[in-house]
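FYI, side chains are in, hydrogens and waters are out, and symmetry mates aren't considered; it's all heavy atoms of this structure.
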Amino acid sequence: MQVPDGAKMYEDHCAACHNGSDPRTPAASVLRQKTADEILAALATGKMQQQGAELTDAERRAVASFLGATGTAASSERIRCTAGTSFDPSTGPKWAGWSNDLGNTRFQPAAQAGLTADQVPKLTLKWAFGFPNATTARALPTVAGGRVFVGSQSGIVYALDAKTGCTHWTFQAKGPVRTGIVIGPRSGSAGKWTAYFGDGRANAYALDAATGEQLWTRNLEEHRNANITGTPTLYQQRLYVPIASSEEGQGLNAKYECCTFRGSLVALDAATGSLVWKTYTINAEAKPVGKNASGTTRWGPSGAGIWSSPTIDPKRHVVYAATGNMYTEPQQPTSDAIMAFDLDSGAIKWTSQVTAKDVFVVGCNITFNLAAPPAPAANCPPAEELGPDFDFGNAPILATLGDGRDIIVAGQKSGVGWAFDPDKRGAVLWQYRAGKGSALGGLEFGSAADADQAYFAVSDTIGPNPPGGLHAVKLSTGARSWFTPPPPPKCGSGRGCNAAILAALSVIPGVVFTGSNDGAVRGYSTKDGSLLWEYDTNRDFETVNGVPAKGASISGPGPTIAGGMVFINSGYGALGGRPGNVLLAFGVQ
(Lines give C-alpha, C1' and ligand atoms only; values in the text may rest on other atoms or scores of the structure.)
Protein backbone atom coordinates (compact mmCIF):
# COMPACT_ATOMS: atom_id res chain seq x y z
CA MET A 1 0.00 0.00 0.00
CA GLN A 2 1.38 3.38 -0.99
CA VAL A 3 2.03 5.78 1.89
CA PRO A 4 0.29 9.16 1.34
CA ASP A 5 2.51 12.14 0.61
CA GLY A 6 2.25 14.34 3.72
CA ALA A 7 3.50 17.44 1.92
CA LYS A 8 0.85 17.04 -0.80
CA MET A 9 -1.88 16.32 1.76
CA TYR A 10 -0.92 19.49 3.60
CA GLU A 11 -0.90 21.56 0.40
CA ASP A 12 -4.26 20.20 -0.76
CA HIS A 13 -6.15 20.27 2.54
CA CYS A 14 -4.39 22.62 4.98
CA ALA A 15 -2.31 25.26 3.21
CA ALA A 16 -5.25 27.47 2.22
CA CYS A 17 -5.72 28.33 5.88
CA HIS A 18 -2.30 27.83 7.47
CA ASN A 19 -0.37 29.52 4.64
CA GLY A 20 -3.05 32.14 4.23
CA SER A 21 -3.27 35.72 5.35
CA ASP A 22 -5.85 35.37 8.12
CA PRO A 23 -3.74 35.81 11.28
CA ARG A 24 -6.21 33.87 13.41
CA THR A 25 -4.94 30.64 11.87
CA PRO A 26 -1.58 29.39 13.20
CA ALA A 27 1.14 29.46 10.54
CA ALA A 28 2.93 26.26 9.50
CA SER A 29 6.01 27.50 11.38
CA VAL A 30 3.96 27.44 14.59
CA LEU A 31 2.57 23.98 13.87
CA ARG A 32 6.09 22.65 13.38
CA GLN A 33 6.82 23.37 17.02
CA LYS A 34 4.29 20.69 17.97
CA THR A 35 4.97 16.98 17.98
CA ALA A 36 3.51 14.72 15.30
CA ASP A 37 1.41 13.01 17.98
CA GLU A 38 -0.14 16.32 19.04
CA ILE A 39 -1.04 17.24 15.46
CA LEU A 40 -2.51 13.79 14.85
CA ALA A 41 -4.62 14.09 18.01
CA ALA A 42 -5.91 17.50 16.89
CA LEU A 43 -6.93 16.08 13.50
CA ALA A 44 -8.47 12.91 14.89
CA THR A 45 -10.35 14.03 17.99
CA GLY A 46 -9.33 17.59 18.79
CA LYS A 47 -9.92 21.12 17.56
CA MET A 48 -9.28 20.18 13.90
CA GLN A 49 -11.34 17.00 13.85
CA GLN A 50 -13.84 18.43 11.36
CA GLN A 51 -11.05 19.11 8.87
CA GLY A 52 -9.42 15.80 9.76
CA ALA A 53 -12.66 13.95 8.99
CA GLU A 54 -12.05 14.62 5.29
CA LEU A 55 -8.83 12.57 5.43
CA THR A 56 -8.21 8.88 5.93
CA ASP A 57 -6.30 7.73 8.97
CA ALA A 58 -3.19 7.23 6.84
CA GLU A 59 -3.52 10.72 5.36
CA ARG A 60 -3.89 12.29 8.81
CA ARG A 61 -0.74 10.50 9.95
CA ALA A 62 1.10 11.68 6.84
CA VAL A 63 0.17 15.32 7.50
CA ALA A 64 1.16 14.98 11.16
CA SER A 65 4.52 13.43 10.24
CA PHE A 66 5.17 16.14 7.64
CA LEU A 67 4.45 18.99 10.05
CA GLY A 68 5.33 17.70 13.51
CA ALA A 69 8.53 17.10 15.35
CA THR A 70 9.69 13.53 15.88
CA GLY A 71 8.65 11.80 19.09
CA THR A 72 5.71 11.90 21.43
CA ALA A 73 4.56 14.70 23.67
CA ALA A 74 6.99 14.97 26.55
CA SER A 75 5.80 15.08 30.11
CA SER A 76 7.06 17.73 32.46
CA GLU A 77 10.14 16.86 34.50
CA ARG A 78 8.31 18.01 37.57
CA ILE A 79 9.84 18.91 40.89
CA ARG A 80 7.36 17.65 43.44
CA CYS A 81 6.62 19.74 46.51
CA THR A 82 7.44 18.38 49.94
CA ALA A 83 4.80 15.93 51.13
CA GLY A 84 2.48 17.11 53.86
CA THR A 85 2.32 20.74 52.77
CA SER A 86 -0.91 22.16 54.21
CA PHE A 87 -3.59 23.68 52.00
CA ASP A 88 -6.09 26.13 53.48
CA PRO A 89 -7.63 28.71 51.11
CA SER A 90 -9.93 30.03 53.88
CA THR A 91 -7.24 32.52 54.89
CA GLY A 92 -4.48 34.33 53.07
CA PRO A 93 -4.34 36.09 49.71
CA LYS A 94 -6.22 34.72 46.71
CA TRP A 95 -7.37 35.38 43.17
CA ALA A 96 -9.69 32.43 42.75
CA GLY A 97 -11.55 33.12 39.48
CA TRP A 98 -11.60 35.47 36.50
CA SER A 99 -11.66 38.22 39.10
CA ASN A 100 -11.48 38.15 42.86
CA ASP A 101 -14.97 39.63 43.09
CA LEU A 102 -18.39 38.71 41.70
CA GLY A 103 -18.45 41.90 39.63
CA ASN A 104 -15.50 40.76 37.47
CA THR A 105 -13.73 44.11 37.88
CA ARG A 106 -10.28 42.44 37.91
CA PHE A 107 -9.41 44.85 40.76
CA GLN A 108 -7.36 43.32 43.56
CA PRO A 109 -7.63 45.19 46.91
CA ALA A 110 -4.44 46.10 48.74
CA ALA A 111 -4.87 43.45 51.45
CA GLN A 112 -5.11 40.66 48.86
CA ALA A 113 -2.55 42.10 46.45
CA GLY A 114 0.17 42.39 49.08
CA LEU A 115 1.83 44.80 46.68
CA THR A 116 1.88 48.60 46.64
CA ALA A 117 2.46 51.01 43.80
CA ASP A 118 5.80 51.98 45.38
CA GLN A 119 6.91 48.34 45.35
CA VAL A 120 5.95 47.58 41.74
CA PRO A 121 9.19 49.01 40.22
CA LYS A 122 11.10 46.50 42.40
CA LEU A 123 9.39 43.42 40.93
CA THR A 124 11.85 40.77 39.78
CA LEU A 125 11.45 37.29 38.32
CA LYS A 126 11.26 34.67 41.09
CA TRP A 127 10.64 31.51 39.04
CA ALA A 128 9.53 30.25 35.64
CA PHE A 129 7.55 27.11 34.77
CA GLY A 130 7.64 25.55 31.29
CA PHE A 131 4.67 23.88 29.60
CA PRO A 132 5.92 20.88 27.60
CA ASN A 133 5.53 20.92 23.79
CA ALA A 134 3.30 23.98 23.85
CA THR A 135 3.04 26.89 21.42
CA THR A 136 0.57 28.84 23.51
CA ALA A 137 0.33 29.67 27.20
CA ARG A 138 -2.86 31.63 27.78
CA ALA A 139 -4.78 29.97 30.60
CA LEU A 140 -5.61 32.17 33.59
CA PRO A 141 -3.42 31.47 36.64
CA THR A 142 -5.46 31.56 39.85
CA VAL A 143 -4.17 31.69 43.41
CA ALA A 144 -5.53 30.22 46.66
CA GLY A 145 -4.04 28.63 49.76
CA GLY A 146 -0.48 29.44 48.71
CA ARG A 147 -0.86 27.60 45.41
CA VAL A 148 -1.08 28.64 41.78
CA PHE A 149 -3.59 26.69 39.67
CA VAL A 150 -3.21 26.82 35.90
CA GLY A 151 -4.34 24.87 32.85
CA SER A 152 -2.44 24.26 29.63
CA GLN A 153 -2.70 23.71 25.90
CA SER A 154 -2.17 19.97 26.41
CA GLY A 155 -5.06 19.75 28.89
CA ILE A 156 -2.85 19.22 31.93
CA VAL A 157 -3.94 21.22 34.97
CA TYR A 158 -1.16 22.06 37.42
CA ALA A 159 -1.25 22.96 41.12
CA LEU A 160 2.05 24.71 41.88
CA ASP A 161 3.54 26.27 44.97
CA ALA A 162 3.16 30.04 44.67
CA LYS A 163 6.56 30.84 46.17
CA THR A 164 8.74 28.21 44.50
CA GLY A 165 6.84 26.74 41.51
CA CYS A 166 7.19 23.15 42.72
CA THR A 167 4.32 20.85 41.73
CA HIS A 168 1.68 19.64 44.21
CA TRP A 169 -0.38 17.71 41.66
CA THR A 170 -1.38 17.45 38.01
CA PHE A 171 -4.60 16.37 36.28
CA GLN A 172 -5.13 15.43 32.63
CA ALA A 173 -8.34 16.86 31.16
CA LYS A 174 -9.98 15.59 27.95
CA GLY A 175 -9.15 18.77 26.04
CA PRO A 176 -7.03 21.92 26.25
CA VAL A 177 -7.73 24.11 29.29
CA ARG A 178 -7.90 27.85 28.66
CA THR A 179 -10.19 28.82 31.53
CA GLY A 180 -9.10 29.81 34.99
CA ILE A 181 -9.33 27.29 37.81
CA VAL A 182 -12.06 28.46 40.22
CA ILE A 183 -11.46 27.55 43.87
CA GLY A 184 -14.36 27.34 46.35
CA PRO A 185 -15.42 25.59 49.58
CA ARG A 186 -17.17 22.25 49.22
CA SER A 187 -20.72 22.22 50.51
CA GLY A 188 -21.23 19.83 53.42
CA SER A 189 -17.52 19.03 53.72
CA ALA A 190 -15.87 21.30 56.25
CA GLY A 191 -12.27 22.11 55.36
CA LYS A 192 -12.61 20.67 51.84
CA TRP A 193 -12.13 22.81 48.74
CA THR A 194 -12.96 22.21 45.10
CA ALA A 195 -11.28 23.34 41.87
CA TYR A 196 -13.64 23.95 38.92
CA PHE A 197 -12.78 24.59 35.26
CA GLY A 198 -13.80 23.88 31.68
CA ASP A 199 -11.96 22.50 28.65
CA GLY A 200 -11.85 22.91 24.87
CA ARG A 201 -14.38 20.12 24.34
CA ALA A 202 -17.11 21.70 26.47
CA ASN A 203 -16.48 19.52 29.52
CA ALA A 204 -16.78 20.97 33.03
CA TYR A 205 -14.77 19.49 35.90
CA ALA A 206 -14.63 19.48 39.68
CA LEU A 207 -11.44 18.30 41.42
CA ASP A 208 -10.37 18.09 45.02
CA ALA A 209 -8.28 21.28 45.19
CA ALA A 210 -5.85 19.76 47.70
CA THR A 211 -5.09 16.53 45.83
CA GLY A 212 -6.31 16.90 42.22
CA GLU A 213 -8.65 13.90 42.57
CA GLN A 214 -11.59 14.12 40.18
CA LEU A 215 -14.95 14.59 41.89
CA TRP A 216 -17.11 14.86 38.78
CA THR A 217 -17.06 15.79 35.12
CA ARG A 218 -19.92 16.68 32.79
CA ASN A 219 -20.16 17.42 29.08
CA LEU A 220 -22.26 20.56 28.62
CA GLU A 221 -22.74 20.71 24.86
CA GLU A 222 -22.85 17.89 22.30
CA HIS A 223 -22.00 20.10 19.32
CA ARG A 224 -18.62 18.86 18.08
CA ASN A 225 -17.18 22.39 17.78
CA ALA A 226 -18.27 23.54 21.24
CA ASN A 227 -15.76 24.67 23.83
CA ILE A 228 -15.43 26.50 27.12
CA THR A 229 -13.11 29.49 26.99
CA GLY A 230 -14.58 31.76 29.66
CA THR A 231 -13.73 31.03 33.28
CA PRO A 232 -16.80 29.62 35.11
CA THR A 233 -18.28 31.61 38.00
CA LEU A 234 -19.10 30.05 41.37
CA TYR A 235 -21.90 31.52 43.47
CA GLN A 236 -23.91 29.97 46.30
CA GLN A 237 -22.97 26.41 45.32
CA ARG A 238 -23.89 26.83 41.70
CA LEU A 239 -21.36 26.90 38.89
CA TYR A 240 -22.25 29.15 35.94
CA VAL A 241 -20.45 28.01 32.78
CA PRO A 242 -20.34 29.88 29.43
CA ILE A 243 -20.34 27.88 26.16
CA ALA A 244 -18.68 29.08 22.95
CA SER A 245 -17.42 27.28 19.85
CA SER A 246 -14.85 27.21 17.08
CA GLU A 247 -17.47 26.56 14.38
CA GLU A 248 -16.99 29.98 12.81
CA GLY A 249 -13.59 28.62 11.71
CA GLN A 250 -15.39 26.46 9.13
CA GLY A 251 -15.85 29.33 6.71
CA LEU A 252 -13.33 27.98 4.20
CA ASN A 253 -14.60 24.40 4.34
CA ALA A 254 -16.90 24.11 1.32
CA LYS A 255 -18.04 20.62 2.35
CA TYR A 256 -19.11 21.68 5.84
CA GLU A 257 -22.79 22.35 6.53
CA CYS A 258 -22.31 25.68 8.27
CA CYS A 259 -23.53 26.39 10.91
CA THR A 260 -25.61 24.93 13.75
CA PHE A 261 -23.98 25.93 17.04
CA ARG A 262 -25.91 28.10 19.52
CA GLY A 263 -24.19 29.75 22.47
CA SER A 264 -25.49 29.02 25.93
CA LEU A 265 -25.08 29.64 29.63
CA VAL A 266 -25.26 26.61 31.91
CA ALA A 267 -25.90 26.42 35.66
CA LEU A 268 -24.67 23.31 37.49
CA ASP A 269 -25.01 22.06 41.02
CA ALA A 270 -21.45 22.61 42.24
CA ALA A 271 -21.52 19.58 44.53
CA THR A 272 -22.64 17.00 41.98
CA GLY A 273 -22.31 18.55 38.52
CA SER A 274 -26.00 17.93 37.86
CA LEU A 275 -27.73 20.31 35.47
CA VAL A 276 -29.83 23.05 37.08
CA TRP A 277 -30.61 24.93 33.86
CA LYS A 278 -29.26 25.63 30.38
CA THR A 279 -30.34 28.68 28.39
CA TYR A 280 -29.41 29.16 24.74
CA THR A 281 -28.52 32.63 23.50
CA ILE A 282 -30.41 31.85 20.28
CA ASN A 283 -33.87 30.53 20.95
CA ALA A 284 -34.55 28.73 17.65
CA GLU A 285 -32.63 25.70 16.40
CA ALA A 286 -30.91 26.13 13.04
CA LYS A 287 -32.77 25.25 9.84
CA PRO A 288 -31.58 25.13 6.20
CA VAL A 289 -31.17 28.66 4.81
CA GLY A 290 -29.70 27.85 1.39
CA LYS A 291 -26.63 26.29 -0.18
CA ASN A 292 -23.06 27.46 -0.68
CA ALA A 293 -21.36 27.61 -4.08
CA SER A 294 -20.40 23.92 -3.78
CA GLY A 295 -23.99 22.89 -3.19
CA THR A 296 -23.54 22.16 0.51
CA THR A 297 -26.48 23.10 2.73
CA ARG A 298 -26.09 26.17 4.90
CA TRP A 299 -27.92 26.33 8.24
CA GLY A 300 -29.05 29.20 10.46
CA PRO A 301 -29.42 31.01 12.73
CA SER A 302 -26.25 30.13 14.60
CA GLY A 303 -23.52 31.70 16.74
CA ALA A 304 -23.75 34.11 19.70
CA GLY A 305 -21.29 32.13 21.79
CA ILE A 306 -20.27 33.31 25.25
CA TRP A 307 -16.49 33.63 25.27
CA SER A 308 -15.97 35.28 28.65
CA SER A 309 -16.74 34.77 32.31
CA PRO A 310 -20.29 35.34 33.61
CA THR A 311 -20.84 38.12 36.17
CA ILE A 312 -23.06 37.78 39.23
CA ASP A 313 -25.41 40.56 40.41
CA PRO A 314 -26.80 39.42 43.80
CA LYS A 315 -28.83 42.63 44.25
CA ARG A 316 -30.90 42.00 41.10
CA HIS A 317 -30.61 38.21 41.32
CA VAL A 318 -29.23 37.87 37.80
CA VAL A 319 -26.10 36.71 36.03
CA TYR A 320 -24.75 38.73 33.11
CA ALA A 321 -23.01 37.33 30.04
CA ALA A 322 -21.56 38.95 26.92
CA THR A 323 -22.17 37.31 23.54
CA GLY A 324 -20.28 37.04 20.26
CA ASN A 325 -21.26 37.43 16.63
CA MET A 326 -23.66 35.37 14.54
CA TYR A 327 -22.23 32.66 12.25
CA THR A 328 -25.19 32.43 9.90
CA GLU A 329 -28.34 34.38 9.24
CA PRO A 330 -31.05 35.26 10.05
CA GLN A 331 -29.70 37.87 12.44
CA GLN A 332 -30.90 37.53 16.05
CA PRO A 333 -31.25 40.24 18.74
CA THR A 334 -28.94 38.40 21.15
CA SER A 335 -25.56 38.51 19.38
CA ASP A 336 -22.93 41.17 20.25
CA ALA A 337 -24.95 41.89 23.37
CA ILE A 338 -25.04 41.93 27.15
CA MET A 339 -27.65 39.49 28.44
CA ALA A 340 -29.16 39.16 31.92
CA PHE A 341 -30.32 35.70 33.09
CA ASP A 342 -32.33 34.89 36.22
CA LEU A 343 -30.06 33.09 38.69
CA ASP A 344 -32.66 30.51 39.66
CA SER A 345 -34.29 29.62 36.36
CA GLY A 346 -32.00 30.87 33.61
CA ALA A 347 -34.84 32.91 32.12
CA ILE A 348 -33.60 35.81 30.01
CA LYS A 349 -34.56 39.01 31.83
CA TRP A 350 -33.24 41.44 29.21
CA THR A 351 -30.84 41.79 26.29
CA SER A 352 -28.92 44.90 25.22
CA GLN A 353 -27.50 44.49 21.71
CA VAL A 354 -24.95 47.06 20.47
CA THR A 355 -24.12 45.71 16.99
CA ALA A 356 -27.33 44.74 15.27
CA LYS A 357 -25.96 43.16 12.10
CA ASP A 358 -22.93 40.93 12.57
CA VAL A 359 -23.07 37.62 10.67
CA PHE A 360 -19.55 36.31 10.15
CA VAL A 361 -17.38 33.20 9.69
CA VAL A 362 -13.61 33.13 9.29
CA GLY A 363 -12.47 34.02 5.79
CA CYS A 364 -15.32 36.40 5.03
CA ASN A 365 -13.99 39.56 6.57
CA ILE A 366 -11.67 41.41 4.18
CA THR A 367 -11.19 44.54 6.28
CA PHE A 368 -7.67 43.65 7.41
CA ASN A 369 -6.27 45.83 4.57
CA LEU A 370 -3.66 43.24 3.79
CA ALA A 371 -1.51 43.38 0.65
CA ALA A 372 -3.26 40.29 -0.69
CA PRO A 373 -6.72 39.89 0.90
CA PRO A 374 -8.02 36.31 0.85
CA ALA A 375 -10.76 35.24 -1.48
CA PRO A 376 -14.17 35.08 0.23
CA ALA A 377 -14.76 31.84 2.09
CA ALA A 378 -17.16 29.19 0.84
CA ASN A 379 -19.62 29.61 3.72
CA CYS A 380 -19.88 33.40 3.79
CA PRO A 381 -23.35 34.86 4.38
CA PRO A 382 -24.96 37.00 1.69
CA ALA A 383 -23.06 40.27 1.26
CA GLU A 384 -25.88 42.30 2.78
CA GLU A 385 -25.72 40.16 5.94
CA LEU A 386 -21.93 40.15 6.36
CA GLY A 387 -20.83 41.77 9.61
CA PRO A 388 -17.54 43.06 11.05
CA ASP A 389 -16.99 40.26 13.65
CA PHE A 390 -17.41 42.54 16.67
CA ASP A 391 -17.72 39.96 19.45
CA PHE A 392 -17.72 40.82 23.10
CA GLY A 393 -14.60 39.02 24.35
CA ASN A 394 -14.72 41.03 27.58
CA ALA A 395 -16.53 39.78 30.66
CA PRO A 396 -19.17 42.27 31.83
CA ILE A 397 -17.92 44.40 34.74
CA LEU A 398 -20.45 45.28 37.43
CA ALA A 399 -19.20 48.45 39.15
CA THR A 400 -20.67 50.79 41.75
CA LEU A 401 -20.41 54.55 41.38
CA GLY A 402 -19.71 56.99 44.19
CA ASP A 403 -23.40 57.85 44.49
CA GLY A 404 -24.34 54.18 44.95
CA ARG A 405 -25.64 53.54 41.44
CA ASP A 406 -24.47 50.40 39.64
CA ILE A 407 -23.31 50.21 36.03
CA ILE A 408 -22.19 47.42 33.71
CA VAL A 409 -19.03 48.10 31.69
CA ALA A 410 -17.69 46.02 28.79
CA GLY A 411 -15.23 46.56 25.96
CA GLN A 412 -16.00 45.30 22.45
CA LYS A 413 -13.89 44.38 19.42
CA SER A 414 -15.46 47.39 17.72
CA GLY A 415 -13.01 49.48 19.75
CA VAL A 416 -15.80 50.89 21.91
CA GLY A 417 -16.09 50.64 25.67
CA TRP A 418 -19.74 50.58 26.77
CA ALA A 419 -21.59 51.36 29.99
CA PHE A 420 -25.08 49.92 30.58
CA ASP A 421 -27.78 50.59 33.16
CA PRO A 422 -28.76 47.35 34.94
CA ASP A 423 -31.93 49.01 36.28
CA LYS A 424 -33.15 50.02 32.81
CA ARG A 425 -32.82 46.72 30.97
CA GLY A 426 -29.27 47.44 29.87
CA ALA A 427 -29.89 50.88 28.39
CA VAL A 428 -26.64 52.44 27.20
CA LEU A 429 -25.35 55.11 29.61
CA TRP A 430 -22.22 56.08 27.70
CA GLN A 431 -19.80 54.83 25.09
CA TYR A 432 -16.12 55.57 24.66
CA ARG A 433 -14.16 55.11 21.45
CA ALA A 434 -10.79 53.62 22.44
CA GLY A 435 -9.65 52.00 19.17
CA LYS A 436 -10.60 51.71 15.53
CA GLY A 437 -11.75 48.12 15.91
CA SER A 438 -11.67 45.13 13.57
CA ALA A 439 -12.08 41.36 13.67
CA LEU A 440 -8.82 41.26 15.68
CA GLY A 441 -8.88 44.81 16.90
CA GLY A 442 -10.64 46.93 19.44
CA LEU A 443 -10.94 45.68 23.00
CA GLU A 444 -10.24 41.96 23.12
CA PHE A 445 -10.03 39.75 26.22
CA GLY A 446 -10.76 41.93 29.22
CA SER A 447 -11.11 45.43 30.61
CA ALA A 448 -10.84 46.38 34.30
CA ALA A 449 -12.19 48.91 36.78
CA ASP A 450 -11.46 50.36 40.21
CA ALA A 451 -13.71 52.62 42.27
CA ASP A 452 -13.32 55.61 39.93
CA GLN A 453 -12.15 54.53 36.49
CA ALA A 454 -12.59 51.92 33.80
CA TYR A 455 -9.46 50.82 31.91
CA PHE A 456 -9.55 49.90 28.24
CA ALA A 457 -6.59 48.44 26.33
CA VAL A 458 -6.45 48.55 22.55
CA SER A 459 -5.54 45.64 20.31
CA ASP A 460 -5.95 46.82 16.67
CA THR A 461 -3.24 44.27 15.93
CA ILE A 462 -4.18 43.80 12.27
CA GLY A 463 -4.62 46.48 9.62
CA PRO A 464 -3.46 50.08 9.21
CA ASN A 465 -4.48 51.24 12.67
CA PRO A 466 -1.65 51.84 15.18
CA PRO A 467 -1.86 48.88 17.59
CA GLY A 468 -1.93 49.27 21.35
CA GLY A 469 -2.55 52.06 23.81
CA LEU A 470 -4.14 52.24 27.26
CA HIS A 471 -7.13 54.40 28.22
CA ALA A 472 -8.52 55.40 31.61
CA VAL A 473 -12.15 56.56 31.59
CA LYS A 474 -14.28 58.02 34.37
CA LEU A 475 -16.87 55.45 35.38
CA SER A 476 -19.50 58.08 36.07
CA THR A 477 -19.39 59.85 32.70
CA GLY A 478 -17.27 57.93 30.21
CA ALA A 479 -14.98 60.93 29.85
CA ARG A 480 -11.29 60.26 29.30
CA SER A 481 -9.04 60.61 32.35
CA TRP A 482 -5.82 59.88 30.47
CA PHE A 483 -4.39 58.01 27.50
CA THR A 484 -0.97 56.39 27.23
CA PRO A 485 0.11 55.66 23.66
CA PRO A 486 1.76 52.34 22.79
CA PRO A 487 5.50 52.13 23.48
CA PRO A 488 8.03 50.92 20.89
CA PRO A 489 7.68 47.13 20.73
CA LYS A 490 10.26 45.08 22.60
CA CYS A 491 10.46 42.40 19.93
CA GLY A 492 11.51 44.56 16.99
CA SER A 493 9.40 43.93 13.89
CA GLY A 494 7.68 41.12 12.04
CA ARG A 495 4.75 38.85 12.87
CA GLY A 496 3.39 39.57 16.33
CA CYS A 497 5.96 42.27 17.01
CA ASN A 498 3.73 45.16 17.95
CA ALA A 499 2.45 46.68 21.16
CA ALA A 500 -1.16 45.59 20.70
CA ILE A 501 -2.79 44.65 24.01
CA LEU A 502 -5.08 41.69 23.55
CA ALA A 503 -4.62 40.36 27.09
CA ALA A 504 -6.99 41.28 29.91
CA LEU A 505 -6.02 44.07 32.29
CA SER A 506 -5.58 43.77 36.06
CA VAL A 507 -5.61 46.55 38.66
CA ILE A 508 -4.34 47.06 42.20
CA PRO A 509 -4.50 50.37 44.08
CA GLY A 510 -2.41 52.78 42.02
CA VAL A 511 -1.34 50.38 39.25
CA VAL A 512 -2.91 48.85 36.14
CA PHE A 513 -1.02 45.88 34.70
CA THR A 514 -0.89 44.88 31.03
CA GLY A 515 0.56 42.03 28.98
CA SER A 516 1.36 42.95 25.40
CA ASN A 517 1.67 41.29 22.02
CA ASP A 518 5.29 42.47 21.99
CA GLY A 519 6.04 40.19 24.95
CA ALA A 520 6.29 42.86 27.62
CA VAL A 521 4.55 42.94 31.00
CA ARG A 522 3.98 46.51 32.15
CA GLY A 523 2.59 48.39 35.14
CA TYR A 524 1.15 51.87 34.67
CA SER A 525 0.10 54.48 37.21
CA THR A 526 -3.68 54.72 37.54
CA LYS A 527 -3.25 58.46 38.26
CA ASP A 528 -1.71 59.56 34.98
CA GLY A 529 -0.80 56.48 32.92
CA SER A 530 2.94 56.85 33.44
CA LEU A 531 5.04 53.69 33.13
CA LEU A 532 6.12 52.30 36.52
CA TRP A 533 7.61 48.93 35.53
CA GLU A 534 8.16 46.67 32.57
CA TYR A 535 9.68 43.25 31.96
CA ASP A 536 10.64 41.81 28.56
CA THR A 537 9.62 38.13 28.32
CA ASN A 538 11.15 37.63 24.85
CA ARG A 539 13.83 35.15 25.82
CA ASP A 540 14.54 31.61 26.91
CA PHE A 541 13.97 30.76 30.57
CA GLU A 542 15.51 28.29 32.96
CA THR A 543 12.47 26.64 34.50
CA VAL A 544 11.87 25.01 37.87
CA ASN A 545 10.52 21.90 36.15
CA GLY A 546 13.36 21.52 33.65
CA VAL A 547 11.20 22.04 30.54
CA PRO A 548 12.74 24.27 27.85
CA ALA A 549 10.62 27.43 27.74
CA LYS A 550 10.50 30.83 26.13
CA GLY A 551 8.34 33.91 26.29
CA ALA A 552 6.76 35.70 23.35
CA SER A 553 3.37 37.34 22.66
CA ILE A 554 1.07 37.70 25.67
CA SER A 555 -2.67 37.30 25.25
CA GLY A 556 -5.74 35.90 26.97
CA PRO A 557 -6.25 36.51 30.68
CA GLY A 558 -3.32 38.79 31.53
CA PRO A 559 -1.70 39.16 34.96
CA THR A 560 -2.89 37.71 38.28
CA ILE A 561 -1.80 39.52 41.46
CA ALA A 562 -1.96 38.01 44.96
CA GLY A 563 0.23 37.78 48.04
CA GLY A 564 2.86 40.20 46.80
CA MET A 565 3.38 38.30 43.54
CA VAL A 566 2.40 38.77 39.90
CA PHE A 567 1.78 35.70 37.71
CA ILE A 568 1.42 35.77 33.94
CA ASN A 569 1.65 33.36 31.01
CA SER A 570 3.75 34.29 27.96
CA GLY A 571 3.42 32.76 24.50
CA TYR A 572 0.52 32.97 22.06
CA GLY A 573 0.95 31.26 18.69
CA ALA A 574 -2.37 32.48 17.27
CA LEU A 575 -4.18 35.71 16.31
CA GLY A 576 -1.05 37.14 14.77
CA GLY A 577 1.07 36.37 17.83
CA ARG A 578 4.34 34.52 18.43
CA PRO A 579 4.53 31.11 20.14
CA GLY A 580 5.84 30.55 23.64
CA ASN A 581 5.25 28.28 26.62
CA VAL A 582 6.12 29.80 29.99
CA LEU A 583 4.42 30.80 33.25
CA LEU A 584 6.32 33.59 35.03
CA ALA A 585 6.16 34.56 38.71
CA PHE A 586 7.37 37.97 39.92
CA GLY A 587 7.85 39.23 43.46
CA VAL A 588 9.68 41.88 45.48
CA GLN A 589 11.06 39.81 48.37
[atom2] on [Y] to [atom1] on [X], rounded to 0.5 Å:
X      : Y      : atom1 : atom2 : value
Gln332 : Arg262 : CD    : CZ    : 10.0 Å
Glu247 : Trp299 : CD    : CH2   : 11.5 Å
Lys291 : Thr297 : NZ    : OG1   : 3.5 Å
Cys497 : Asp518 : SG    : CG    : 8.0 Å
Thr334 : Ile282 : OG1   : CD1   : 5.5 Å
Trp98  : Thr560 : CH2   : OG1   : 8.5 Å

For residues [X] and [Y], determine if any side-chain heavy atom of one lies less than 4.5 Å from a side-chain heavy atom of the other.
X      : Y      : answer
Met339 : Leu265 : no
Ser264 : Thr279 : no
Val354 : Phe392 : yes
Leu140 : Val150 : no
Ile408 : Ile397 : no
Leu470 : Leu505 : yes

Please walk me through it: do Phe456 and His471 pass ring pair (Phe, Tyr, Trp, His ring centres under 6.0 Å)? CA-CA 5 Å; Phe456 299 124; His471 299 252; 7.8 Å; no
Aromatic rings [X] and [Y]: how do their planes relate, parallel, tilted or perpendicular, breaks at 30° and 60°?
X      : Y      : value
Trp277 : Phe341 : parallel
Phe197 : Tyr205 : parallel
Tyr320 : Trp350 : tilted

Any side-chain donor paired with an acceptor under 3.5 Å for Ser152 and Ser154? yes
Donor-acceptor pair between Thr179 and Thr231 side chains, under 3.5 angstrom: no
Could you tell me which residues satisfy ring pair (Phe, Tyr, Trp, His ring centres under 6.0 Å) with Tyr455, sequence neighbours excluded, listed by chain and number? none
Apply side-chain contact (heavy atoms from CB on, under 4.5 Å) to residues Arg138 and Gln153 and explain how you reach the verdict. CA-CA 8 Å; Arg138 65 166 173 171; Gln153 188 178 19; over 6 Å; no
Ser335 vs Asp358, side chain to side chain donor-acceptor pair (under 3.5 Å): CA-CA, chis, key distance, verdict: CA-CA 8 Å; Ser335 63; Asp358 193 7; over 6 Å; no
So does Arg106 get a backbone contact from the side chain of Ser99, meaning a donor-acceptor N/O pair under 3.5 Å?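 Yes: the side chain of Ser99 pairs with the backbone of Arg106.
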Working note: Thr229 + Asn227, criterion side chain to side chain donor-acceptor pair (under 3.5 Å); need CA distance, chi angles, decisive distance, verdict. CA-CA 6 Å; Thr229 61; Asn227 55 39; 4.7 Å; no
Run the salt-bridge test on Lys413 and Asp391 with the 4.0 Å N-O cut-off and return the result as yes or no.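 Yes, Lys413 and Asp391 are salt-bridged.
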Tell me whether Glu384 is salt-bridged to Lys357, with the criterion being a basic N under 4.0 Å from an acidic carboxylate O. no
